[in-house]
Amino acid sequence: MPRTLPLLAAAALAAQAHGQSVVTSPAPARVSVTVYRDSDRGLDPLNLQWLGGYALVSEIRHVRLPAGESELRFEGVTSGIVPQSAIVTGLGPAVLEKNRDARLLSPGSLLDASLGERVTLRRTSRATGKTQVQDAIVRATNDGVVIQTAAGIEALRCTGLPETLVESQVPVGLSAKPTLSVRIRSPEPVETDVTLSYITNNFDWQANYVAEQSADGKRISLFAWMTLANGDETALGDAQTQAVAGKLNRQRVWISPGEAKPIRISCWPQGTTSDIPSEIVPLTAQDIVVTGSRMMAPPPPPPPPPAAAPERGGGDVIAQEERLGEVRLYRVPIEVTVASRSQKQIALLRQPAVRVEQILTLRDYGGNFETPLQRVLVTHNRSAEGLGLPLPAGKVALFGQKDGRRILLGEGSIDDHTLNEKVEIKVGESPGVRAKQTVEQADGRDRYRLVVTNDMDGAQTVEIELPLEARAAGKALVKRDGWMLWRAAVPANGSAELVYRIGS
Amino acid sequence: MRPVFLLCTALAAAAPSFAQTPAVPAPSQTAQGDVAVTIYNNDRALVEDKRMLDLPGGRSRQEFRDVSASIEPATVTLNGRGVGVVEQNFDFDLLSPDALMKNAVGQEVTLVRVNPASGQETRERARVLAANGGVVLQIGDRIEVLRDDGLPARVIFDGVPVSLRARPTLSVTVDSQGAGRRPVTLTYLTTGLAWAADYVALFDEANGRMDVQGWVTLTNNSGTPYVNASTLLVAGAVGQAPNRYGYGGYAPPPPPPPPPPGGMVRAGMETSGRERIGDFYLYPLPERTTIADKQTKQVSFLDVKNAPAARAYEFRNGWLSTSDQPISAYTVLRFSSSREQGLGDALPAGTVRVYQRDARGNPQFIGEHRIDHTPMGSDMSLATGQAFDVKVRPVVEERTKVSSGRWKTRMRYTVTNAGPKPITVDVVQAGLWGDTRIEAESLKSERLSADEARWRVPVAANGQATVTATFDSRY
């Protein structure tokens with residue numbers, strides 16, 4: 001009897017592997033990761049549960065292959081791998097094909113693989129604890145499990161007795177995770193470094209700016225974090241890390257997460273004359289279905305707000321920027337570990353004195369209204385203003401100082417900005433600077449009166465955009481970028497007024 | 001053969017009741033013969049399976065195991081010399097505890113009761129009277145409901161009814177002239193097998209060249225492996241009548257339709273040197289391979305070095321409107337699939353992934369684009385992403401009513417280039433339908449269609465260029 005199992009197993013191996021040897025590369029020797037933003041996310045914050053960005057992972061693996069045909073399996077790749085994107089270099093023409101197998105080892109697939117095979121049935125007596133072991137053949141696994149024993153045909157776990165099937169080995173071709181492999185044919189043994197590159201989902205990044213406003217409000221000290229997020233189960237240890245700023249085209253692909261089948265236990269009708277539930281086994285089949293679906297991890301605590309980097313001397317690690325085709329690449333100068341399901345921050349830039357103009361803005365669409373104005377920090381991305389470097393999209397937190405204590409003045413966001421562009425950061429509403437518009441005449445030669453009031457002890461610059469058709473006396477209005485602009489200085493604790501007309 | 005023989009005798013000796021051969025074979029041994037698979041792009045494949053069958057003379061029923069779990073049973077044909085087909089059946093009445101019990105109604109089963117306190121077993125024969133909502137049994141002169149007391153009881157059936165199967169099974173009743181072993185060919189269509197191309201393009205911007213590798217990517221979600229199959233891929237979607245019922249298998253949910261700009265600019269007119277059938281190009285895999293279930297398999301089919309390629313910039317303004325912010329132009333990769341100046345091959349539909357080397361020489365991903373089946377000789381223009389450094393801001397400078405139903409709109413397009421090289425940006429103004437005319441413009445435009453006009457705007461390195469145009473329109 002004991003001979004039969006190994007015999008069958010040997011046959012199974014031969015049939016599956018066609019005489020090729022299997023070489024497993026458990027982990028990369030060196031790894032490099034480049035993280036790309038989710039370009040559809042816009043300026044929304046990172047959702048660590050659902051990262052829409054992606055990454056290019058490039059791994060160097062040392063492999064030793066025998067002569068002849070072999071299968072090289074890559075373990076330790078991310079679970080979000082896009083298998084179509086995988087590139088294996090370093091083996092030349094020896095590569096016959098690349099495969100990704102998504103048949104996973106699960107209770108259901110283990111049982112399916114035993115269909116028609118001889119397995120061990122183990123019954124345990126509840127009364128005595130004694131186990132009884134016997135052979136059985138699995139006859140059906142579709143909707144409940146049917147087994148054949150020496151006594152006849154029986155259904156598994158429909159008896160109220162503790163019983164289970166025991167397999168002697170894991171079938172060939174089932175693995176814990178989807179596995180990427182290449183089939184190789186080489187005339188002689190090979191020992192070499194292989195580069196495996198692939199695109200993986202479940203990564204994202206953004207810039208997080210921390211702006212510290214000077215006492216007079218005319219300068220900010222701008223610091224930025226590069227916030228990288230890895231939503232994958234796989235950590236990338238001691239990785240050369242890069243991030244790419246810019247919006248790249250990406251096709252949506254569906255990737256099979258692997259098939260993890262549960263064992264379905266289901267029995268014949270089990271109704272009784274009593275509605276008192278049986279205490280030994282659940283009455284309904286559904287209660288004992290063991291599902292193989294992956295549990296969602298509990299949501300991690302929300303990320304802490306990005307703390308401003310303390311002002312200190314040199315020694316900070318700051319990412320280096322370079323041009324990559326039409327986008328920008330930020331390189332972390334040291335090797336870092338991008339841990340699984342985590343977020344990591346590295347300094348992106350530090351510009352200690354950026355000249356900004358504080359203005360209050362409003363876009364006027366007509367009608368009567370009374371509303372506060374938006375506070376906007378305006379600067380130009382050039383060295384004269386203390387900037388002059390690409391600014392990747394991200395969130396901006398503006399802080400001020402009051403009696404030696406930092407306070408949050410507002411939060412905004414910016415899109416990707418290249419050199420010499422005008423940068424506007426909307427930081428919030430200013431409740432003390434308000435605009436009130438009254439329609440004074442509405443007969444086709446419409447007349448509007450607009451009054452801006454200021455409750456602050458300093459003069460404020462306001463910019464109000466009016467429709468192109470607006471006309472006012474003198475040179476009060478100038479044309480700018482498709483709008484008529486009224487730019488005025490509202491005196492401290494005072495007001496400014498504009499009367500304009502639309503229509504002739 | 002000796003070990004197998006030993007196995008059988010050992011088996012028979014150990015458990016006489018096992019002498020009956022199991023109806024289900026081990027999955028490690030396939031019943032497939034010489035398999036040829038032809039895969040189309042639209043989740044469809046033709047499987048041809050040559051098997052050696054030992055047929056008795058006259059009528060016999062033959063079961064075909066290891067056919068695709070997503071088989072379209074109506075498309076099955078069986079061919080063999082001297083073999084006539086009487087009927088074909090596709091049985092999907094599956095063996096389950098429930099089906100067993102329902103089939104046992106009116107028959108006797110063995111009931112083994114287990115005493116929960118002592119573990120003692122008592123054995124009785126019982127007749128199944130009904131299996132509706134619960135199982136009603138007749139034991140001697142008593143009528144009982146199975147496990148009404150909640151105590152453990154095993155039901156042992158004497159056998160499996162022939163009509164119940166472990167898997168959906170195809171069976172054919174054949175009429176054979178004479179007995180003997182002979183080859184028969186089983187042919188059927190199945191869903192669950194599909195393929196697409198994947199291209200890796202390494203773009204060398206400085207030299208205006210690119211290296212392209214093409215891979216065919218085939219996926220098997222049909223629920224069945226195809227062992228040592230000769231595989232042929234057909235670049236095309238064969239017509240498919242709507243199929244309302246499928247057996248097993250499933251197709252992945254379709255991805256949301258993407259809106260990628262660009263693609264084939266001009267369809268080519270050259271014939272590729274590849275094999276062809278009818279309208280379709282054929283891509284045979286170079287050798288036999290096993291396509292496992294739930295497997296994605298890639299095989300190289302194209303490797304071109306140093307094909308000419310160029311980067312270009314495109315911007316499209318949808319209507320005569322002002323944009324609040326400068327908008328990044330699309331960065332576009334232009335190349336040809338022609339024999340003389342390009343990849344020199346027809347390109348099956350798939351995704352082109354573009355890489356470029358960074359300052360340290362490592363390839364970095366710079367965007368991807370899906371292409372349709374592309375004839376050889378086509379001009380391609382693929383948007384890979386948005387340019388960080390090249391932006392366009394369209395602004396309505398002036399809008400005046402000239403007469404009733406006639407408007408004059410003066411547009412200004414400011415094109416900025418923060419890059420270190422002079423470039424040309426294609427600025428397209430769309431939304432010109434109707435009788436919109438361009439009355440004046442600072443740069444000569446080209447009217448691409450009634451709807452669109454295009455300016456090719458040269459911009460200096462770290463520079464800016466402005467184009468103005470006045471449109472005379474009805475709205």
Side-chain angles (χ1 to χ4, degrees), chain A residues 1 4 7 12 15 34 56 83-85 87 97-103 113 115-117 125 127-128 137 140 142-144 146 150-155 158-161 246-252 254 259 267-269 271-273 278 280 322 324-329 416 418-419 481-482, chain B residues 3 7 14-15 17 22 24-28 94-98 101 117-119 131 133-135 145 148 150 152 154 156-158 160 166 198 200 217 252 255 260 292 294-299 322 331 351 356 358-359 364-370 383-389 395-396 418:
Chain A
M1 258 334 253
T4 58
L7 268 173
T34 308
L56 174 69
Q84 296 93 315
S85 72
I87 307 169
E97 58 183 36
K98 274 186 285 188
N99 291 310
R100 190 235 194 194
D101 287 287
R103 273 185 76 212
L115 186 63
E117 304 251 24
S125 160
T128 62
I137 292 175
N142 288 296
D143 199 11
V146 178
I153 309 290
E154 298 186 59
C158 295
T159 56
L161 290 168
K247 299 183 178 76
L248 300 179
N249 226 28
R250 185 112 197 280
Q251 301 301 135
R252 300 247 166 237
W254 183 83
E259 187 189 55
C267 296
W268 43 77
T272 60
T273 55
S278 156
I280 298 172
E322 69 181 58
L324 169 72
E326 276 313 314
V327 288
R328 301 300 173 122
L329 182 86
D416 288 333
T418 185
L419 305 186
D481 295 333
Chain B
L7 185 150
S17 59
V24 191
S28 50
L94 296 180
L95 176 60
S96 69
D98 187 57
M101 186 62 87
S118 64
V135 180
V145 175
D148 196 30
R154 284 164 59 199
I156 300 170
F157 301 88
D158 295 343
V160 175
D198 280 280
V200 178
T217 306
K294 306 285 173 289
Q295 188 176 59
T296 305
K297 183 185 287 293
Q298 287 193 301
V299 179
T322 294
T331 166
T351 304
Q356 192 168 357
D358 64 14
Q364 299 285 358
F365 177 71
I366 58 161
E368 64 189 19
H369 196 106
R370 219 194 111 71
T384 57
Q386 295 172 30
F388 200 97
D389 286 336
V395 162
V396 177

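Order of the sequence lines sets the chain letters (A, B, ...), proteins ahead of strands, with each chain counted from 1.
Proximity to chain A (any heavy atom under 4.5 Å) is restricted, for B/Thr217, to the side chain, taken from C-beta onward. Looking at A/Leu419, both its backbone and its side chain come within 4.5 Å of chain B, counting heavy atoms on both sides. Within the 4.5 angstrom heavy-atom criterion, only side-chain atoms of B/Thr322, from C-beta onward, approach chain A. When heavy atoms are compared at a cutoff of 4.5 Å, B/Asp389 approaches chain A by way of both its backbone and its side chain. Proximity to chain B involves both the backbone and the side chain of A/Glu154, based on heavy atoms less than 4.5 angstrom apart. Residue B/Val396 touches chain A through both its backbone and its side chain, counting heavy-atom pairs closer than 4.5 Å. Of the atoms belonging to B/Ala117, it is backbone heavy atoms, and not side-chain ones, that fall under 4.5 Å from chain A.
Chain A forms the most heavy-atom pairs under 4.5 Å with one residue out of B/Ile366, B/Val200, B/Thr331, B/Val135, and that residue is B/Ile366.
Looking only at side-chain heavy atoms (C-beta outward), B/Leu94 and A/Asp143 stay at 4.5 Å or farther from each other.
B/Thr384 OG1 to A/Lys247 NZ: the interatomic distance, rounded to the nearest 0.5 Å, is 14.0 Å. A distance of 13.0 Å separates CD in A/Gln251 from OG in A/Ser85, rounded to the nearest 0.5 Å.
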> Passes side-chain hydrogen bond (donor to acceptor under 3.5 Å, both in side chains), B/Glu368 versus A/Asn249? Steps please.
Replying inline: CA-CA 5 Å; B/Glu368 64 189 19; A/Asn249 226 28; over 6 Å; no
>> Using the rule given for side chain to side chain contact (heavy atoms under 4.5 Å, CB included), can you reason through B/Gln298 versus A/Gln84, listing the C-alpha separation, both sets of side-chain angles and the distance that settles it, and then say yes or no?
In response: CA-CA 8 Å; B/Gln298 287 193 301; A/Gln84 296 93 315; 4.1 Å; yes
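A donor-acceptor pair under 3.5 Å is absent between the side-chain atoms of B/Asp358 and the main chain of A/Leu329, judged by distance alone.
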